[in-house]
Amino acid sequence: MTGPKALDTPYDSAQDTGILGAAYRAPTLGILLVVTLVAFEGMSVGVVMPEVSRQLQALDLYGLSFSAFLIASLFANVVSGLWSDRRGYTAPFLLGLVLFVAGMALAGAAGTKVMFLVARAVQGLGAGSTVVALYVMIARVYPAAMRPKVFAAVSAAWVVPAMVGPAVAGFVASAWGWRWVFYGIVPLVVPALAMLVPALRRRPAEEETVRSEGPRSRPLPMTLAATSAAGGAGVLLWGVDRLHVTPLPSGVAVVVGLALLGYGLSRLLPPGALRFGRGLPTTIMMRGMFSAPFFGVNAFIPLALQSVKGFDPTAAGIALTTGALGWSAGSFLQSRRTAEPYRRLRLGAGCVMTGVLLALLAVLPGVTGWIAVPAWVIAGFGMGLGMTTVSVTALKQSPVSEQGANSAALSVTDMLGSALSLGIGGALINVIGHSPAEIARGYVVICCVMGAVALGGTLLAPRVR
């Protein structure tokens with residue numbers, strides 16, 4: 001479904017001057033800048049969300065503000081991948097970039113919590129469409145021998161914002177206000193777009209495309225499946241969030257949401273994935289088993305530290321930054337070890353569980369909130385070890401004709417795991433209450449629930465064999 005499955009641009013060694021050589025410097029820098037901006041937004045919003053919630057009186061939508069972005073991204077990923085495969089990457093990239101910028105401007109200008117929630121969904125549509133189109137662009141602009149270098153640079157463009165983004169966002173929010181965390185990204189899109197103009201001028205007719213005829217590459221069924229999954233997730237989370245207020249209609253919404261979600265996932269994921277079938281199906285699902293506990297706690301650490309321990313946004317951002325350091329170390333170690341994949345996945349899930357449960361201590365009386373720093377180094381290490389192993393293992397287990405579809409399935413479980421855990425975490429906060437003491441209790445419950453999910457990952461890891 002995504003570009004790398006299909007494209008082998010003829011390679012001319014005479015033109016191989018490196019990804020920063022004269023022939024490729026502009027598209028490389030443009031791609032890296034766009035990825036950096038998208039990553040910065042994703043890593044930074046958690047730091048300013050407590051302040052956004054206070055000013056807009058939106059604490060009841062705290063979890064849904066993250067989930068809206070991820071659910072919209074899930075839908076856009078599938079549609080943009082299909083669109084790029086058939087019509088070229090230019091249109092989905094430009095539309096995605098316009099939506100992303102519009103969403104950032106709308107978030108900065110938001111005067112109500114509903115407007116901010118809509119802005120987050122628009123950002124998600126834009127980010128999901130843009131990133132997938134960028135991957136297709138890489139496959140069609142660069143010769144095959146150069147693509148590993150480009151993807152390595154793209155990985156670095158994700159890691160750097162993860163390391164500095166939360167602290168920078170915290171500083172900006174403290175100095176000028178949270179709105180400038182969103183406004184500040186908008187003008188930076190202009191130089192990125194200018195550098196990508198040559199790549200965007202490529203005609204679809206000039207691009208080599210290979211279309212899979214598998215069931216997970218057909219536009220209409222896949223678009224319907226993505227709509228069902230995204231819509232079902234949204235309805236499900238709305239119902240869960242309102243169960244304590246209106247039990248009957250909210251219970252109906254939960255059932256309908258689960259049905260829609262199940263229908264969509266049964267078509268977006270490999271057969272047997274929802275029952276954790278051995279081999280590839282479990283490998284695909286393990287992506288969600290990692291993302292759910294990590295991001296389900298990650299988003300609530302700034303809220304807990306600022307509301308319970310009195311941290312300012314900058315200090316809370318530093319606590320999140322340490323997770324990126326551990327993530328980088330885990331990814332590096334994964335590339336150096338020869339242990340069987342299921343052993344690495346089991347160790348990674350165990351580290352995430354340990355980090356999540358250790359982070360629980362940050363809100364307890366008499367315990368410093370800075371305990372979140374070593375906790376998130378451990379959790380980040382588990383993510384780096386596990387997420388990279390999942391990606392590598394899934395590609396090894398996939399037939400060549402299905403590598404693109406299975407890469408997209410990994411993104412689906414990744415985003416859905418995060419969206420559901422964040423939505424459920426937000427619902428728990430709403431049920432327990434919004435005072436500092438109640439937020440502390442809610443945070444403890446969230447950590448316990450997500451720790452149990454990570455434990456499930458350790459127990460399911462052997463099924464990837």
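In this text the structure is predicted, and so the values were computed from the model without any measurement. One-based numbering along the sequence shown.
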Undergrad: Y62 side chain to A299 main-chain N or O, any donor-acceptor pair under 3.5 Å?
TA: yes
Undergrad: Under a 3.5 Å distance rule, please check whether T413 uses its side chain to pair with a backbone N or O of M285 as donor and acceptor.
TA: no
Undergrad: Distance check, rounded to the nearest 0.5 Å: D241 atom CG versus L64 atom CG?
TA: 5.0 Å
Undergrad: I'd like to know whether L32 forms a side chain to side chain contact (heavy atoms under 4.5 Å, CB included) with V35, so could you lay out the CA-CA distance, the side-chain angles of the two residues, the decisive distance to 0.1 Å, and finally the verdict.
TA: CA-CA 5 Å; L32 296 182; V35 171; 5.7 Å; no
Undergrad: Quick one, V47 with W178, criterion side chain to side chain contact (heavy atoms under 4.5 Å, CB included). Give me CA distance, side-chain angles, the key distance, then yes/no.
TA: CA-CA 9 Å; V47 177; W178 63 266; over 6 Å; no
Undergrad: Quick one: closest heavy-atom pair of V181 and A173, and the distance?
TA: CG2-N, 4.2 Å
Undergrad: Does atom CH2 (W370) have a neighbourhood of more than 12 heavy atoms from anything else shown, all under 6.0 Å?
TA: yes
Undergrad: Evaluate the criterion ring-ring contact (aromatic ring centres under 6.0 Å, His included) for residue pair W376 and F294; output intermediate values, then yes/no.
TA: CA-CA 9 Å; W376 230 230; F294 182 84; 4.9 Å; yes
Undergrad: Taking all non-hydrogen atoms of both residues into account, name the closest pair between I301 and A372 and its distance.
TA: CG2-CB, 4.5 Å
Undergrad: Please list, chain by chain and in numerical order, all residues satisfying salt bridge (Lys or Arg N to Asp or Glu O under 4.0 Å) with R54, sequence neighbours excluded.
TA: E51
Undergrad: With rounding to the nearest 0.5 Å, note down the distance linking CE in M383 to CG in N298.
TA: 9.0 Å
Undergrad: Can you check whether P341's main-chain N or O pairs, donor with acceptor, with T393's side chain at less than 3.5 Å?
TA: no
Undergrad: Drop me the distance from D414's CG to I284's CD1, to the nearest 0.5 angstrom.
TA: 11.0 Å
Undergrad: For L56 and T112: C-alpha separation, side-chain torsions, deciding distance, then whether side chain to side chain contact (heavy atoms under 4.5 Å, CB included) applies.
TA: CA-CA 6 Å; L56 300 183; T112 66; over 6 Å; no
Undergrad: According to ring pair (Phe, Tyr, Trp, His ring centres under 6.0 Å), who are the partners of F295, at least two apart in sequence or on a separate chain?
TA: none
Undergrad: Quick one: does L364's side chain get under 4.5 Å of L361's, heavy atoms only?
TA: yes
Undergrad: I need the minimum non-hydrogen distance between L268 and M222, along with the two atoms involved.
TA: CD2-CE, 3.4 Å
Undergrad: Below 4.5 Å, heavy atoms only, C-beta onward: do F100 and V122 meet side chain to side chain?
TA: no
Undergrad: Which atom pair, heavy atoms only, marks the closest approach of F300 to G296?
TA: CD1-O, 3.1 Å
Undergrad: Would you compute the distance between atom CZ of R346 and atom CG of L460 and round it to the nearest 0.5 angstrom?
TA: 12.0 Å
Undergrad: Any sub-3.5 Å donor-acceptor pair from K113's side-chain atoms to L59's backbone N or O?
TA: no
Undergrad: Report the distance from atom CG of L188 to atom CE of M104, rounding to the nearest 0.5 Å.
TA: 10.0 Å
Undergrad: Between T368 and K309, is any pair of side-chain heavy atoms under 4.5 Å apart?
TA: no
Undergrad: So do L106 and M115 actually touch side chain to side chain, heavy atoms under 4.5 Å?
TA: yes
Undergrad: Can you check whether V78 reaches T223 side chain to side chain, under 4.5 Å on heavy atoms?
TA: no
Undergrad: Just by distance, with hydrogens left out, do S250 and T246 show a side-chain donor and acceptor under 3.5 Å apart?
TA: yes
Undergrad: Is S73 reaching over with its side chain to a backbone N or O of L125, donor-acceptor style, under 3.5 angstrom?
TA: no
Undergrad: Sub-3.5 Å donor-acceptor pair from the side chain of S421 to the main-chain atoms of A292, do we have one?
TA: yes
Undergrad: Enter the distance from T354:OG1 to L347:CG here, rounded to the nearest 0.5 Å.
TA: 9.0 Å
Undergrad: Going through the checks in order, is the side chain to side chain contact (heavy atoms under 4.5 Å, CB included) test met by M415 and N77?
TA: CA-CA 10 Å; M415 293 181 184; N77 262 265; 3.0 Å; yes
Undergrad: When you compare the side chain of Q306 with that of P313, does any pair of heavy atoms fall below 4.5 Å?
TA: yes
Undergrad: Locate the shortest heavy-atom distance separating A315 from D312; write the atom from each residue and the value.
TA: N-OD1, 2.7 Å
Undergrad: Is the backbone of S435 close enough, under 3.5 Å, to the side chain of E438 for a donor and an acceptor to pair up by distance?
TA: yes
Undergrad: With a 4.5 Å cut-off on side-chain heavy atoms, are I446 and I429 touching?
TA: yes
Undergrad: Looking only at heavy atoms, what is the nearest atom pair of A105 and V186, with distance?
TA: N-CG2, 4.2 Å
Undergrad: Any heavy-atom pair between the side chains of L416 and L261 that's under 4.5 Å?
TA: yes
Undergrad: Would R465 and Y342 count as a cation-pi pair here, with the cationic atom under 6.0 angstrom from the ring centre and within 45° of the axis?
TA: yes
Undergrad: So for atom CZ, which belongs to F171, do other residues, nucleotides or ligands contribute more than 12 heavy atoms lying within a distance under 6.0 Å?
TA: no
Undergrad: Just by modelled atom types, is the A359 backbone N or O under 3.5 Å from a matching donor or acceptor in the Y443 side chain?
TA: yes
Undergrad: Determine yes or no for a side-chain-to-main-chain donor-acceptor pair under 3.5 angstrom, with T389 supplying the side chain and L385 the backbone.
TA: yes
Undergrad: State whether the side chain of T458 and the backbone N or O of L455 hold a donor-acceptor pair below 3.5 Å, judged by distance alone.
TA: yes
Undergrad: Apply ring pair (Phe, Tyr, Trp, His ring centres under 6.0 Å) to Y263 and list each qualifying residue two or more places apart in sequence or on a separate chain.
TA: none
